[in-house]
Asker: 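Mind having a look at this structure? Questions to follow.
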Amino acid sequence: MATLLNILGLSVAFAAFMIIMMQLDYDRNFDKFHTDYNKIFRMEFINKNDVQAIINRPLSELFFASSPHIMAGTLSSPWGAKTFFSIEENGDKHSYEESMIMVSPEYADVFTFDFVEGTKDVLREPDHVMIPLSLSRKLFGNQSAVGKQLIGRNGSSTIGAVYRDFPSNSIVDNFIYYAIPETENKQSWGNWNYHVYIRVDDAANIPLLFENFKQHFDPKSVWGDDFSWEESGFDFRFTALPDVHYVTNVLYDPTPKASKQTLLVLFAIAIVIVIIAGINFTNFSTALTPMRIKSINTQKVLGGDQKTIQRSLVLEAVFISLLSYVISIGIILLFNITPLVSLVNADLSVTAHPFIIGGTALIALVSGLLAGLYPAHYMTSFPPALVLKGSFGLSPKGRQLRNVLISVQFIASFALIIGASFMYLQNYYMQHAPLGYNKDEVIVTNINGNILKSRDAFTNQLKVFSGVEDVTYAEPLLSSSDQYMGWGRGYKGEDIWYQCLPVDYSFLKVMGVEIAEGRDFRIEDTNTRHGAYIFNEKARDAYELELGTMIDSAVIVGFMPDVKFASFRTEVVPMAFYVWGTQNWGSQPNNAYIKVKAGSDMRAAISHVRSSLAQFDPEYPFNVRFFDEVLQRLYEKETSLSSLITLFSLIAIFISMVGVFGLVVFDSEYRKKEIGLRKVLGSTTQEILILFNKTYVRILCLCFVLAAPMAWYAVYEWLQNFAYRTPMYWWVYLVAFFIVGIITICTVTFQNWRAANDNPVNSIKVE
């Protein structure tokens, strides 16, 4: 049993360690595959206390030309969009929906594209696109894709180049890339709508760029004669490409994120798991001492060399450790084909991480050596005569060492349970906290031009189903992003900034958004020239807005409480729902919200929505889902990391409890004679079990006192990543103590029950 538990604990520990290190490697190497990645920077604009990732086109292009140190600069749209197109082959038409993104032609000068067909200059040609190799294979198999047409509903594009897919740990996506129109926002200083990246000759020159730009750029021609850099609070920040993955609290930044604190927690768990497994290995080997000591010392009496016996014991430990390592590779391969693999972003194939696989093999070898040396020395250190008589006992130093080792395991178990619990509570809080609108019994779907052309007919078709209560439309999808479209407007001679969410006039009523003052939107608002606003309380307080006043000819008709329209990672900011008037410069609803009556069959309702969409456009792949799925998607990264940490925390706790079992085996075997004597002198089984448990309860209490503050600090720092946080409940700490305490007491009681009920004659007799 000891050998099996050793192998089980070690193999699970090595597998967990490698999986965590693969995930850490994935995040650590984010975007580091680009040539000279340390010379690529994202430009960010600072407006007093706000940092935003979007900049207008004329300012960006003037900056590109301001310094010879800037080798290339590029613009890109902050958000890719799904585009529906078809291809024709041998007279057959095949339809697809893929992500496309708009960039300037210099995009491939800044980032490293590996072209299979075509060149990086393809975007300089009108109506040409470049596509990833995976999409080329999907569309055309092994045929050449260059020259083929992607036929959209508003025109077609020619494939001019095919590039090798980027790894998933990159902000550069495997999208279809097409060029920003030459004249788009060329002189639009008010249209802040692009991400900006530069490649420089030397990263050391970055601090010089903005000062040089200010010397060659006259801001008064753009922002007025009273403008000054110092009073405006305007500044540029340059974030190195690999750091973009970690930078938070930047407005309009949809790039994939990771928390360095969470990654440190994962790394700490990986180290703790290996250390705990090593401690267990040592404890188990030592626990076997009473069973093996006579055999070992009989060999010594018969002339066996002590060094030879020690080497054989160490080799045995090394063999068990390396065998566990081989089994751990199998566990990873098995993990890779289970649903749990979705918790990890990294590629878990063994061939993709030779250094991690090889490094863990070395750790397994060293672990075997270290875990074998102490037991080998301990088992061979007693005088043979004493051992053969069976009269030796535990040394105080040996007991102290084992108590220290088991304390490390208890501290780790407490900290991991507390941390995993608060991660779960934070994720639960984000998905279930009140949002200020009704998200229950709501179905959402994207819509296209065909639906918009027949919107009234589509709405009526949806209402044919008796369970559909109402239907409304909006440009954004609520609670699907950290930020939304930002507008800067003039109000009473001052510039104000707010996030604007264009919606249908019925949106607030259907979604249950309360009006705190004023009125809701009306259909008459859509017939005015400039439309109407309903602002949140944050905007009213920040800018002293008043009912009935105008913002660029659009009237403020109401105020509402601070609804949580974006993620819980960001604080509520000034925002407004807005109804377009007759002067609409191109905005259209992108999403339909279908409110279902309480108690209705939701699955039947969603099936009806899908069939209704198919009646108006049978080819288009609409994304129909319950609104709850939007929130799940928004916090997918946090949920995955929380689940991953919980999984490995449970593994660490399991290995710790195995270690407790090993130590209890050690104690009970050595103290069998003591137990027998206590039974002879009148002690009951209950008294003996209490005696043994008291020792471990004292250790548990001391370890909890040490672990709780450390866990509190780590959780507190992690929660700072969120603007809205779950309370740090005191009962979580008690639950952690209760879980570890119950498992430990049950383990101690189970192992000592047999010894306490055994015939004392068998324990105290001397052979």
Asker: List the atom pairs, with distances to 0.1 Å, where a side-chain N or O of residues 436-444 and a protein N or O form a donor-acceptor pair under 3.5 Å, not counting sequence neighbours.
Answerer:
{"residue": "Tyr437", "atom": "OH", "partner": "Ser479", "partner atom": "OG", "Å": "2.4"}
{"residue": "Asn438", "atom": "OD1", "partner": "Asp440", "partner atom": "N", "Å": "3.1"}

Asker: Is any side-chain heavy atom of Pro167 closer than 4.5 Å to a side-chain heavy atom of Tyr26?
Answerer: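 When only atoms from C-beta onward are counted, Tyr26 and Pro167 do not touch, as no gap falls below 4.5 Å.
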
Asker: Under the rule for salt bridge (charged side-chain N to carboxylate O under 4.0 Å, His left out), what residues qualify as partners of Arg625, not counting sequence neighbours?
Answerer: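 Checked Arg625 against salt bridge (charged side-chain N to carboxylate O under 4.0 Å, His left out); zero matches.
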
Asker: Please give me the minimum heavy-atom distance between Ile417 and Val740, naming the atom from each residue.
Answerer: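 Closest approach of Ile417 to Val740, heavy atoms only: CD1-CG2, 3.6 Å.
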
Asker: Minimum heavy-atom separation for Asn345 to Ser168, with atom names?
Answerer: O-OG, 4.2 Å

Asker: Only pairs under 3.5 Å count here: list side-chain donor-acceptor contacts from residues 701-710, not counting sequence neighbours, and write none if there are none.
Answerer:
none

Asker: CD1/Ile690 to OG1/Thr749 distance, rounded to the nearest 0.5 angstrom?
Answerer: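 Going from the CD1 atom of Ile690 to the OG1 atom of Thr749 covers 9.5 Å.
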
Asker: Please check if any side-chain donor atom of Gln23 sits under 3.5 Å from a side-chain acceptor atom of Asp27, or the reverse.
Answerer: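 On atom types as modelled, these side chains qualify, holding a pair under 3.5 Å.
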
Asker: Could you report the tightest heavy-atom contact between Ile332 and Leu348, atom names first, then the distance?
Answerer: CG2-O, 3.7 Å

Asker: Please tell me if the side chains of Tyr729 and Ser421 come closer than 4.5 Å, counting only heavy atoms from C-beta onward.
Answerer: no

Asker: By side chain to side chain contact (heavy atoms under 4.5 Å, CB included), which residues pair with Ala714, not counting sequence neighbours?
Answerer: none

Asker: Find out whether Trp712 and Ile418 are in side-chain contact, i.e. whether some heavy atom of one side chain is under 4.5 Å from a heavy atom of the other.
Answerer: no

Asker: Indicate every side-chain donor-acceptor pair of residues 353-370 with a distance under 3.5 Å to a residue at least two apart or in another chain.
Answerer:
{"residue": "His353", "atom": "NE2", "partner": "Asp347", "partner atom": "O", "Å": "2.6"}
{"residue": "Thr360", "atom": "OG1", "partner": "Ile356", "partner atom": "O", "Å": "2.7"}
{"residue": "Ser367", "atom": "OG", "partner": "Ile363", "partner atom": "O", "Å": "2.7"}

Asker: What is the distance from atom CZ of Arg28 to atom NZ of Lys260, rounded to the nearest 0.5 Å?
Answerer: 12.5 Å

Asker: Between Ala412 and Ile276, what is the shortest heavy-atom contact and its length?
Answerer: CB-CD1, 3.8 Å

Asker: Write down the atom of Val572, the atom of Val563, and the distance for their closest heavy-atom approach.
Answerer: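 So the two residues come closest at CG2-O, 4.2 Å.
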
Asker: Between Ile606 and Phe626, does the side chain to side chain contact (heavy atoms under 4.5 Å, CB included) criterion hold? Intermediate values first, please.
Answerer: CA-CA 8 Å; Ile606 204 168; Phe626 298 117; 4.0 Å; yes

Asker: Drop me the distance from Phe737's CZ to Tyr733's OH, to the nearest 0.5 angstrom.
Answerer: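 Here the interatomic distance stands at 15.5 Å.
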
Asker: Just verifying a value: how many Å separate Ile20 CD1 and Ile271 CD1, rounded to the nearest 0.5 Å?
Answerer: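 Here the interatomic distance stands at 9.0 Å.
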
Asker: Applying side chain to side chain contact (heavy atoms under 4.5 Å, CB included), run through Tyr724 and Gln426 and close with a yes or a no.
Answerer: CA-CA 9 Å; Tyr724 299 90; Gln426 176 64 20; over 6 Å; no

Asker: If every non-hydrogen atom of Ala415 is compared with every non-hydrogen atom of Ala711, which pair is closest and at what distance?
Answerer: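 Where Ala415 meets Ala711 most closely, the heavy atoms are CA-CB, 4.0 Å.
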
Asker: The criterion is salt bridge (charged side-chain N to carboxylate O under 4.0 Å, His left out); which residues satisfy it with Lys257, sequence neighbours excluded?
Answerer: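 Here the qualifying residues are Asp253.
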
Asker: Give the intermediate values and the outcome of side chain to side chain contact (heavy atoms under 4.5 Å, CB included) for residues Thr744 and Phe410.
Answerer: CA-CA 10 Å; Thr744 303; Phe410 281 142; 3.3 Å; yes

Asker: Taking side chain as C-beta onward, heavy atoms only, is Ile742 less than 4.5 Å from Phe738?
Answerer: yes

Asker: Quick one: CZ on Phe30 to CG on Asp243, what's the gap to the nearest 0.5 Å?
Answerer: 12.5 Å

Asker: Within a radius of less than 6.0 Å around OH of Tyr246, do more than 12 heavy atoms belonging to other residues, nucleotides or ligands occur?
Answerer: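 Atom OH in Tyr246 is crowded, with more than 12 foreign heavy atoms closer than 6.0 Å.
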
Asker: Whether the side chain of Ser321 engages the backbone of Ala317 through a donor-acceptor N/O pair (distance < 3.5 Å, no angle test) should be reported.
Answerer: no

Asker: Is the side chain of Asn427 donor-acceptor paired with the backbone N or O of Met423 at a distance under 3.5 Å, no angle test?
Answerer: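 Yes; judged by distance alone, with no hydrogens or angles, the pair exists.
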
Asker: Do any N or O atoms from the side chain of Asp25 and from the backbone of Met21 form a donor-acceptor pair under 3.5 angstrom?
Answerer: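 Here the side-chain-to-backbone pair does not exist.
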
Asker: Is it the case that over 12 heavy atoms from other parts of the model lie below 6.0 angstrom from the OH atom of Tyr424?
Answerer: no

Asker: Just so I know, are the side chains of Val326 and Ile329 near enough to count as touching, which here means a heavy-atom distance under 4.5 Å?
Answerer: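 No, side chains not in contact.
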
Asker: Can you check whether Trp718 reaches Arg725 side chain to side chain, under 4.5 Å on heavy atoms?
Answerer: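 No, too far: nothing below the 4.5 Å cut-off.
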
Asker: Start with the C-alpha gap between Met728 and Leu719, add the side-chain angles, then the distance that decides, and say whether side chain to side chain contact (heavy atoms under 4.5 Å, CB included) holds.
Answerer: CA-CA 10 Å; Met728 296 187 72; Leu719 287 174; 4.0 Å; yes

Asker: Looking at CG of Asn693 and CG of Leu700, how far apart are the two atoms once the value is rounded to the nearest 0.5 Å?
Answerer: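 The CG atom of Leu700 is 9.5 Å from CG of Asn693, to the nearest 0.5 Å.
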
